[in-house]
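Comments concern the structure below.
If you're wondering where the values come from, they're calculated on a predicted model, not measured in any experiment. Labels below follow one simple rule: chain letters A, B, ... track the order of the sequence lines, proteins then strands, and each chain is numbered from 1.
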Amino acid sequence: MSGLEVVGLEKRFDSLEVLRGVDLAVEAGSFAALLGRSGSGKTTLLRILAGFERADRGRVVVVGTVVDAGAHALAPERRRIGYVPQEGALFPHMTVARNVGFGLRRSGRAGRRAKVAELLEMVGLGGLGPRYPHQLSGGQQQRVALARALAVSPSVILLDEPFSSLDAELRASVRADVLDVLRRAGATTLFVTHDQDEALSSAEQVSVLVDGAIAQSATPRELYERPASPQVAAFLGAANLLPGTFEGDRVHTGFGPLEVAGPPGAPGRGDAVVLVRPEQLEITAEDRASRRGEVVACEFYGHDVVLRVRPDGEPAAAALLARVAGHRAVPVGTRVGIVALGPVVAWGPEAPEISPPASENTAV
Amino acid sequence: MTVASEPRRPLRLRRAGRGERAPVVTSASAIVVALLALPLAFLVLQAVTTGWSELRPVLFRHLTLSLLWNTVRLTVVVTALCAIVGTLAAWLVERTDLPARRLWAVLLVLPIAVPDFVVSFGWVQLAPGVSGFGGAVLVMTFAVYPFVYLPVAASLRRADPAEEEVARSLGLGPFATFWRVTVGQVRLAVLGGSLLVALVILAEYGAFEILRFQTFTTEIYTEYLNFRTSTAAALSLVLVLLSLVVLVSEGASRGGGRVERSAPMAPRPPIRHRLGRARPLALLACSAVVGLALGVPFGEIVSLLAHSGGVGLPGAASVGSALLHTVAYGAPAALAATVGAVPLAVLSLRHPGRLSTVFEKSSYLILGLPGIVVALALVFFTERYAAGSLYQSPLLLICAYALMFFPLALVAVRASLAQSPVRLEEVARSLGRPRLEVLARVTLPLVAPGLAVGFCLVFLEAITELTATLVLIPPSTETLSTQFWAFQTNGFDGQAALFALVIVALAAVPGYALGRWFDRLPSAVSAT
């Protein structure tokens with residue numbers, strides 16, 4: 001059974017159409033990410049799920065119970081959906097213990113105290129109960145907010161960009177802790193992020209929200225290797241999108257014929273848009289490749305290097321991204337050979353429109 | 001799996017409107033607004049029973065025109081002066097390196113605790129020439145500018161200092177930055193404070209009576225005193241129209257922009273401009289304001305007392321019981337007004353819509369009505385529907401105070417609620433707690449400073465109220481202000497001064513608290 005199911009959700013604010021028929025299903029007990037650029041409608045979607053906003057049309061189902069049917073909706077306090085907002089939003093006038101115990105019904109003081117202690121232990125903050133929120137670090141606040149949401153045993157937990165306010169250093173460790181707690185609690189979790197690395201590295205399922213609709217829902221690996229559209233591909237990391245022509249189970253590009261790995265149902269003939277990830281481009285000595293070009297930019301990231309290479313006879317805007325190991329950095333202006341390593345993903349012309357140039361989505 | 005372990009109650013999906021409905025808050029607000037509308041209903045009823053043919057000669061006589069001229073020019077001039085004095089004083093305290101700024105923060109608020117009639121009493125004692133329009137402008141400006149100072153100081157402290165920094169980095173000089181950025185940040189606070197000032201001036205009686213300056217309110221009081229109730233009602237309706245004009249022009253000048261800072265509230269300390277060589281000038285200006293607003297009335301009271309024998313005066317015997325009654329009527333009224341302000345503030349900020357706007361705006365009107373109108377309206381309705389059993393009962397007087405000064409409580413509670421993040425309430429509800437419980441456990445504790453400020457403001461005004469008190473005070477009891485008035489009108493200035501001193505002493509406590517709380521307000525309610 002689905003822990004969370006969203007069908008045809010629509011929402012507009014005055015003349016602005018924010019959600020245009022969102023369909024989404026999260027397996028009970030799994031950890032799913034909702035990935036979208038800022039302005040894609042992901043926070044609105046989360047607020048509708050939590051019950052703070054009403055959908056105009058569509059349905060939200062939590063473990064078999066309809067909680068929002070467009071015209072009719074259940075109040076947030078009756079949905080059993082836990083919500084952890086961006087900055088944690090702890091009640092500043094309550095201690096950590098009272099924050100965590102806030103949602104617990106009056107089941108006897110002793111029982112409540114034991115439950116609170118157990119939850120704090122679970123998030124690794126045992127003994128911090130008497131502190132006030134302002135005495136905690138950002139990561140600790142985040143974990144208290146999580147314990148507070150888990151206290152009422154919600155059917156679903158929503159996390160709104162939970163790690164974006166933390167320093168990069170703290171981020172990874174808090175994320176690991178939170179994930180661990182959620183797995184042990186067996187909660188169905190949906191977390192919103194605009195960071196594709198975060199979504200790909202931690203979620204079991206990633207749904208990409210583009211312009212108010214889900215462009216694709218899949219496992220991280222499938223999403224990265226078989227994106228449903230050039231747009232999704234560009235969003236999930238740096239991408240070279242090249243023109244090509246289908247020819248049976250191959251596609252012809254400037255690099256010659258390459259094997260097509262997906263998505264399924266490629267037409268077998270006609271024009272194609274071909275995805276070549278930067279790590280699929282190999283930079284060689286000039287005379288060892290049929291395609292040659294000049295390095296026009298070099299972005300050094302330490303562990304690896306992203307080179308921008310303009311193939312001979314192409315305009316500067318058509319420069320290709322190639323990722324090579326850090327120690328193989330090449331000075332700008334060097335003449336190099338370029339080799340593409342298949343298999344690649346290619347779409348026919350009926351695939352959704354090509355997204356903005358790959359350079360906009362350059363990522364580490 | 002963490003699915004509900006307890007048996008689930010049948011779930012009802014509620015019908016969704018544009019926003020979420022709030023039946024409890026809406027109906028509580030409706031009751032408060034209905035109570036606030038009683039004086040208006042009373043005036044309209046009286047005017048209708050009198051009939052247009054009788055009202056017309058009253059409204060279109062020469063006196064009405066001169067009252068209108070007096071009232072309008074006084075309101076405009078004093079409101080403008082208060083806006084300037086209050087804003088500049090707040091800027092000096094909050095945004096410059098003015099020496100002893102914590103002391104000034106309290107001293108500049110304290111005039112709010114000195115009743116207007118005490119200020120004018122002090123001035124008339126000092127310089128009998130202070131009277132008429134000039135005198136009224138002088139006295140009222142320094143008596144009521146704290147209504148502008150308080151909100152402006154609070155919003156200056158909240159404003160994001162980065163905005164000023166950005167302006168400077170874009171090439172604006174300090175003065176251009178002040179005009180185009182700082183003034184913009186506090187514009188709404190200045191407007192809100194000016195609204196209160198204008199309404200308070202429209203309703204002021206005691207100070208103008210002492211200064212012998214005629215406004216609608218003094219004339220209305222005289223008409224009622226001579227039992228010309230229909231004339232008084234007609235004049236009061238004109239006054240209501242003036243209040244409406246004030247409200248509408250304030251609303252119109254608000255404009256569409258938002259002034260709240262978008263960044264999360266972790267305010268950096270504000271930029272403090274170095275006064276440099278202007279420092280003596282700034283100190284002089286602050287001293288002048290405090291001296292004119294506090295020093296003159298206070299000095300005169302003390303010297304009067306010293307000359308006339310002070311506490312040995314015969315009136316001194318009643319000070320204790322008058323003080324007791326003053327507090328006994330003022331405190332419950334302040335409490336009632338503050339409690340009543342909560343649903344209206346919640347409705348207007350958490351459930352915005354046409355209804356809540358109408359509710360909120362209309363509740364300010366009563367501040368511009370003379371106390372005697374509110375008192376007589378309550379007498380009228382209780383005689384009609386409670387067989388007069390409440391007439392001159394403490395309950396009715398307390399109700400009158402609570403209604404008259406309700407807008408002050410609303411302003412304070414609303415300002416505080418506007419800063420309390422909605423997100424905390426949302427989280428609380430998603431934890432399964434119903435709305436009213438969230439209000440009690442999350443919202444109210446967070447707006448506690450605003451509730452305290454609202455209580456103090458209403459209490460301060462209630463203990464100095466005069467005309468409604470004279471009508472509604474229970475037989476054979478006295479309050480400080482009625483005693484002051486009785487001695488003052490009969491020429492016993494020494495004994496009047498004694499009561500003035502006690503009033504000021506009593507008012508200084510919440511006045512001081514206001515100065516201190518406002519100083520801390522943003523940090524007390526900052527959250528997340």
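Within a 6.0 Å sphere centred on CZ of A:Arg113, heavy atoms belonging to other residues, nucleotides or ligands number 12 at most. For A:Arg184, the CZ atom counts as densely surrounded, since its 6.0 Å shell holds more than 12 non-hydrogen atoms of other residues, nucleotides or ligands. By the 6.0 Å contact criterion, CZ on A:Arg98 is open, its count of non-hydrogen atoms from other residues, nucleotides or ligands being 12 or less.
A cation-pi arrangement is not found for B:Arg433 relative to A:Phe102, the charged atom failing to lie both closer than 6.0 Å to the ring centre and inside a 45° cone about the ring normal.
For the atom pair CG (B:Leu431) and CG (A:Asn99), the distance works out to 9.0 Å, reported to the nearest 0.5 Å. The CG atom of B:Leu446 lies 8.5 Å from the CZ atom of A:Phe91; values are rounded to the nearest 0.5 Å. Summarising the geometry, atom CD1 belonging to A:Ile157 is positioned 9.5 Å from atom OG belonging to B:Ser430; distances are rounded to the nearest 0.5 Å. Put simply, CD on B:Glu425 and CZ on A:Phe52 are 10.5 Å apart, with the number rounded to the nearest 0.5 Å.
Residues A:Ala89 and B:Val427 share a closest heavy-atom pair of CB-CG2, 4.2 Å.
With a threshold of 4.5 angstrom between heavy atoms, A:Arg47 approaches chain B through side-chain atoms but not through N, CA, C or O.
A salt bridge links B:Arg429 with A:Glu77; the closest basic N to acidic carboxylate O contact falls under 4.0 Å.
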